[in-house]
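Here is the structure we will look at, set down as structure tokens.
By convention here, the first residue in the shown sequence is residue 1.
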Amino acid sequence: MASNGKPAPKMVKLTINGQEIEVREGTNLVDAAEQLGIEVPHYCYHPGLSIPANCRICQCEVEGAPKLVFGCRTPAKDGMVVHTDSPKAKAAQQLVQEFLLCNHPLDCPICDKSGECTLQNYYMEYGQYQPVMIENKYKKHKATPIGPTIVLDTERCILCSRCVRFCDEVTGTSELGLFNRNNHTEIGVVPGQALDNPYSGNLVDICPVGALGDRDFRFKCRVWYLQHTESICPGCAKGCNITVDWQTRRRHIAGGARIMRLRPRFHEEVNGHWMCDDGRYGYGWHDENRVTACAVKTAGVQSEVLPREAFDAAVARFLAVDRQAWTVVVSTFLSNEELFLARTLFAEGLGVRVAVGPPPVGVEDALLRRADKSPNTA
């Protein structure tokens with residue numbers, strides 16, 4: 001029995017590229033290999049979505065199997081011997097990569113996904129073929145806004161269908177679909193609709209190429225200039241785990257913005273793989289109306305001072321009045337550490353009343369959004 005009282009999961013042993021591993025029964029070969037630090041290339045597979053096995057680049061060789069298998073759809077079994085880098089598997093991966101690039105435009109220098117594009121990475125790691133296609137590339141629609149947050153470039157799309165499955169399975173809004181056939185097939189919005197659900201920004205995260213672009217981040221910054229900090233979303237009381245992508249030297253952006261974008265960070269028990277658009281695009285206030293200088297007014301004359309001088313002046317003024325007449329109002333947007341210090345200093349140390357300002361109230365849904373639009377009301 002497991003520690004939670006449930007039956008312990010059944011485990012199976014298999015060998016991948018000469019390394020033995022024990023995984024839960026039902027684990028697919030892509031995830032099993034990842035636990036060994038072995039990457040099986042994949043486009044359509046995403047652990048938070050269903051598995052269509054339509055990109056076909058995750059082909060692996062299993063000893064005893066009559067043909068190659070798809071790693072995303074093949075469960076690990078006891079005694080299975082798998083090769084992800086055998087000549088047969090590598091040849092299949094190269095062919096799939098070449099097929100996907102037949103009509104793909106050479107947009108890398110102007111594509112926002114450049115630097116974090118799976119298509120680029122897999123060509124360097126698994127492709128490296130000599131192209132034999134001599135036909136002209138088939139042209140499709142470029143840079144079409146399909147909603148308030150997303151711009152679609154159908155030429156860059158590799159038809160992995162992640163975005164379609166997300167709208168069908170996660171948000172249940174089903175705005176996207178696959179239209180036409182053969183090399184005319186493309187992702188599009190269902191006629192009469194727009195991609196306007198409150199989680200649409202996640203489509204940019206899960207798109208393995210540059211087909212779905214973020215209109216907020218578009219042409220703002222090259223990803224290799226970004227620095228990354230793990231954090232918690234302050235957009236509501238849910239506490240979604242996020243990654244803050246930021247840059248220090250952005251003087252040409254109005255207000256000297258530092259935060260370039262927010263992205264979800266996987267946490268199985270809180271937000272899974274996703275975050276809402278309210279939190280994703282609500283970061284502007286972090287860089288707006290920030291204190292850049294300190295001033296002290298004496299005898300009606302205001303003068304700029306050092307931060308330490310301003311602090312000392314504020315303390316002196318505070319100590320000169322009746323503390324019982326004061327009430328310190330703290331915001332629910334303060335961090336836990338700041339709230340703890342406010343209580344320790346004012347309530348416990350100085351005996352001043354501490355009140356909590358009312359949190360803003362907004363829309364709540366069954367997925368992630370909470371009506372309490374501040375992070376620390378509790």
Side-chain angles (χ1 to χ4, degrees), residues 26-34 39-62 65-76 82 84 88-105 113 116-123 125-127 129 133 137-138 140-141 146 150 152-190 195 200 202-213 273-274:
T27 302
N28 65 44
L29 297 184
V30 172
D31 290 340
E34 185 180 16
E39 182 180 31
V40 179
H42 57 278
Y43 291 114
C44 67
Y45 172 63
H46 188 283
L49 303 171
S50 60
I51 306 174
N54 60 3
C55 76
R56 303 184 182 277
I57 199 173
C58 65
Q59 295 178 75
C60 306
E61 186 175 4
V62 176
K67 58 182 180 179
L68 296 177
V69 302
F70 299 126
C72 64
R73 287 293 294 267
T74 305
V82 182
T84 71
K88 192 175 181 181
K90 291 177 69 174
Q93 294 164 3
Q94 288 178 339
L95 287 172
V96 170
Q97 186 75 5
E98 183 174 11
F99 173 75
L100 292 175
L101 286 170
C102 283
N103 288 311
H104 198 83
K113 203 75 171 187
E116 55 184 6
C117 173
T118 309
L119 197 68
Q120 284 181 335
N121 297 340
Y122 284 174
Y123 176 77
E125 295 174 21
Y126 306 103
Y129 58 84
M133 299 295 295
K137 294 179 182 290
Y138 182 74
K140 294 182 180 179
H141 304 293
I146 58 174
I150 304 295
L152 171 64
D153 190 316
T154 51
E155 275 192 352
R156 297 174 183 168
C157 179
I158 61 171
L159 302 175
C160 70
S161 76
R162 284 185 178 187
C163 55
V164 177
R165 285 175 282 141
F166 178 86
C167 292
D168 288 344
E169 301 165 9
V170 179
T171 64
T173 48
S174 301
E175 301 100 329
L176 298 179
L178 289 163
F179 300 91
N180 304 322
R181 301 183 67 181
N182 302 324
N183 67 329
H184 297 276
T185 305
E186 59 183 60
I187 294 291
V189 182
V190 173
L195 184 61
S200 60
N202 292 285
L203 299 179
V204 179
D205 301 326
I206 64 176
C207 181
V209 292
L212 294 171
H273 300 273
W274 324 118

With a 4.5 Å cut-off on side-chain heavy atoms, are [Y] and [X] touching?
X    : Y    : result
K113 : V209 : no
P105 : K137 : no
Y138 : H184 : yes
I187 : L178 : yes
H104 : E155 : no
T74  : C60  : no
Q94  : Y122 : no
P208 : I158 : yes

Using a strict threshold of under 4.0 Å (side-chain N to carboxylate O), is an ion pair present between D153 and R156?
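Answer for the salt bridge query: yes.
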Just jot down the salt bridge (Lys or Arg N to Asp or Glu O under 4.0 Å) partners of R162, sequence neighbours excluded, or say none.
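Listed in chain order: nothing, the list is empty.
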Mind listing the closest non-hydrogen atom pair of [X] and [Y] along with its distance?
X    : Y    : answer
K88  : L68  : O-CD1, 3.8 Å
L176 : V164 : O-CG1, 3.7 Å
P75  : R73  : CD-O, 3.4 Å
L152 : G188 : CD2-CA, 4.5 Å
G213 : V204 : C-CG2, 3.9 Å
R56  : V96  : O-CG2, 3.2 Å

Should we count CD of E34 as having more than 12 external heavy atoms under 6.0 Å?
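No, CD of E34 has 12 or fewer neighbouring heavy atoms, counting only those of other groups under 6.0 Å.
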Is the side chain of [X] donor-acceptor paired with the backbone N or O of [Y] at a distance under 3.5 Å, no angle test?
X    : Y    : value
E61  : T84  : no
K140 : C157 : no
T27  : A76  : no
R165 : S50  : yes

Give the intermediate values and the outcome of side-chain contact (heavy atoms from CB on, under 4.5 Å) for residues C163 and L212.
CA-CA 9 Å; C163 55; L212 294 171; 3.6 Å; yes
Step by step, would you call I206 with L49 a side-chain contact (heavy atoms from CB on, under 4.5 Å)?
CA-CA 10 Å; I206 64 176; L49 303 171; 4.3 Å; yes
Run the side-chain contact (heavy atoms from CB on, under 4.5 Å) check on L195 and C167 step by step: do they pass?
CA-CA 9 Å; L195 184 61; C167 292; 4.0 Å; yes
For Q97 and Y43, does a side-chain donor sit closer than 3.5 Å to a side-chain acceptor?
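Y43 and Q97 do have a side-chain donor-acceptor pair below 3.5 Å.
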Working to the nearest 0.5 angstrom, can you tell me the gap between [X] [atom1] and [Y] [atom2]?
X    : Y    : atom1 : atom2 : result
L159 : T154 : CG    : OG1   : 9.5 Å
C55  : F70  : SG    : CZ    : 8.5 Å
H42  : C160 : NE2   : SG    : 10.5 Å

Test side-chain contact (heavy atoms from CB on, under 4.5 Å) applied to T185 and F179, step by step
CA-CA 6 Å; T185 305; F179 300 91; over 6 Å; no
Parallel, tilted or perpendicular: ring planes of H46 versus W274, cut at 30 and 60 degrees:
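The rings of H46 and W274 lie parallel, inter-plane angle below 30°.
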Who passes side chain to side chain donor-acceptor pair (under 3.5 Å) against Y45, sequence neighbours left out?
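Scan of Y45 (side chain to side chain donor-acceptor pair (under 3.5 Å), adjacent residues dropped) gives N28, D31.
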